[in-house]
Amino acid sequence: MATANRIYLYKRYERFWHWSQAVMVLFMLLTGFEIHGVYSNFGFQKAVQYHTYTAWALLTLWAFTIFWQFTTGEWRQYIPTLNKVAAMAIYYAYGIFVGASHPFAKTAVKKHNPLQRLAYIALLAMVSPLVWGSGILYLFFAYWKDFGLDRYLGIEAVAWAHTAGAFMMLTFVIVHVYLATTGHTVLAHIKAMVTGWEEVDEEPASAHKA
């Protein structure tokens, strides 16, 4: 039977970049959809300006974070695995609603369950390149002719690709927020990302394999 165990799970910088990134991503979604005319808040010109400044700020944060990930070894947290993927899918689809035990036990060296790892890999390998690639192309549209890109690309297609990536990112954010409420209490995971400390179920050694 599992027992409660309080562990220091999220380091100070980890919490800083998580919340900073969250604020910037949400702000970019807000300004991005205004640029596309969904609503009016800042006004088109200011929305474009704020969106661009925030994009550069987020890229700067990512540069520091990538450096931090590799110097601390935290990048290993995102190595994908198929072990227990089916168990996690069943848990989120059914088990969580009937009080079943969580099939994955968090530890300081294995914070993300198999489904989370696959989701992060998909985000880094597919969504992020689509968003950033299309965003940079859109931003530097004036220089397309210098590189001959105008013969292969259309500004509308790039804009729609960027919008598609934004909707994918929005979907990820919604799912991420929902899953953040599925801890021991509704706010348990969120509190852990503020304080760094989280209560986890201490399972037998075999349960820590992932």
Side-chain angles (χ1 to χ4, degrees), residues 1-27 57-125 127-128 169-210:
M1 183 176 178
T3 57
N5 184 31
R6 191 167 182 265
I7 62 174
Y8 187 64
L9 208 58
Y10 304 109
K11 300 178 178 69
R12 186 178 300 174
Y13 181 78
E14 194 169 9
R15 304 196 306 275
F16 164 75
W17 75 255
H18 176 273
W19 289 113
S20 299
Q21 176 178 253
V23 170
M24 284 189 272
V25 166
L26 290 174
F27 188 69
L58 184 54
L59 284 175
T60 301
L61 176 67
W62 277 11
F64 281 102
T65 300
I66 291 171
F67 176 78
W68 179 83
Q69 294 277 2
F70 279 92
T71 55
T72 61
E74 287 293 315
W75 64 272
R76 296 184 179 88
Q77 301 276 1
Y78 301 92
I79 297 175
T81 176
L82 296 179
N83 188 24
K84 292 190 177 181
V85 167
M88 286 303 310
I90 293 171
Y91 174 76
Y92 283 132
Y94 173 75
I96 195 171
F97 301 108
V98 296
S101 298
H102 201 294
F104 178 81
K106 286 185 178 182
T107 68
V109 294
K110 291 183 179 178
K111 304 172 187 178
H112 309 306
N113 69 56
L115 277 183
Q116 286 176 311
R117 297 187 195 185
L118 291 177
Y120 288 134
I121 287 297
L123 182 68
L124 293 173
V127 180
S128 289
M169 182 63 73
L170 179 59
T171 300
F172 175 84
V173 169
I174 292 171
V175 173
H176 188 69
V177 171
Y178 165 70
L179 292 179
T181 66
T182 61
H184 291 82
T185 65
V186 173
L187 296 177
H189 290 331
I190 297 173
K191 182 180 178 181
M193 189 50 75
V194 173
T195 66
W197 293 88
E198 183 166 0
E199 286 190 4
V200 299
D201 290 334
E202 187 176 12
E203 300 284 359
S206 58
H208 293 271
K209 296 178 180 180

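Positions are given from 1, in the same order as the sequence printed here. Bear in mind the structure is a predicted one, so any value in this text is a computation, not a measurement.
Across Arg15 and Ala192, no two heavy atoms sit closer than the pair CD-O, 4.0 Å. Closest approach of Pro103 to Ala87, counting heavy atoms only: CG-O, 3.9 Å. Scanning both residues, Tyr91 and Ala100, for their nearest heavy atoms gives CE1-O, 3.5 Å. Among all heavy-atom pairs drawn from Thr81 and Val85, the shortest one is O-CG2, 3.4 Å. Closest approach of Ser20 and Leu61 over heavy atoms only: CB-CD2, 3.9 Å. Across Thr107 and Leu9, no two heavy atoms sit closer than the pair O-CD1, 3.4 Å.
To the nearest 0.5 angstrom, Thr60 atom OG1 is 8.5 Å from Met24 atom CE. Here the CG atom belonging to Leu82 is positioned 10.0 Å from the CG atom belonging to Leu115, to the nearest 0.5 angstrom. With rounding to the nearest 0.5 angstrom, the CZ atom of Phe172 is 7.5 Å from the CE atom of Met169. Annotation: the span from Ile96 atom CD1 to His102 atom NE2 amounts to 7.0 Å, rounded to 0.5 Å. Distance check: Phe97 CZ to Tyr92 OH gives 11.0 Å after rounding to the nearest 0.5 Å. Rounding to the nearest 0.5 angstrom, the gap separating the OG1 atom in Thr185 from the CD1 atom in Ile190 is 9.0 Å.
Taking Trp197 as the reference, Tyr8 meet the ring-ring contact (aromatic ring centres under 6.0 Å, His included) condition, with sequence neighbours excluded. Residues forming a ring-ring contact (aromatic ring centres under 6.0 Å, His included) with Tyr78 (at least two apart in sequence, or on another chain): His112, Tyr120. Applying the side chain to side chain donor-acceptor pair (under 3.5 Å) criterion to His189, with sequence neighbours excluded, gives Glu198. In this structure Tyr10 satisfies the ring-ring contact (aromatic ring centres under 6.0 Å, His included) test with no other residue, sequence neighbours excluded. Not a single salt bridge (Lys or Arg N to Asp or Glu O under 4.0 Å) links Lys191 to another residue, sequence neighbours left out.
A donor-acceptor pair under 3.5 Å is formed between the side chain of Arg117 and the backbone N or O of Ile79. Between the side chain of Ser128 and the backbone N or O of Leu123, at least one donor-acceptor pair lies under 3.5 Å. The closest donor-acceptor contact from the side chain of Trp68 to the backbone of Glu14 lies at 3.5 Å or more, if one exists at all.
A centroid separation of 6.0 Å or more is found between the aromatic rings of Phe67 and Phe64.
Under the 3.5 Å distance criterion, with hydrogens and angles disregarded, a donor-acceptor pair is assigned to the side chains of Trp62 and Gln21.
Evaluation of the salt bridge (Lys or Arg N to Asp or Glu O under 4.0 Å) test over residues 59-79, restricted to residues two or more places apart or in two chains, returns Lys11-Glu74, Glu74-Lys111.
Between Phe16 and Tyr13, the ring-plane angle classifies as tilted under the 30° and 60° cut-offs. Ring orientation note: the planes of Trp75 and Phe70 are close to parallel, at an angle under 30° on the 30°/60° scale.
Using a 4.5 Å heavy-atom cutoff, the side chains of Glu199 and Asn5 are not in contact. Asn113 places none of its side-chain heavy atoms less than 4.5 Å from the side chain of Lys84. Residues Gln116 and Phe104 form no side-chain contact, since every pair of their non-hydrogen atoms from C-beta on lies 4.5 Å or further apart.
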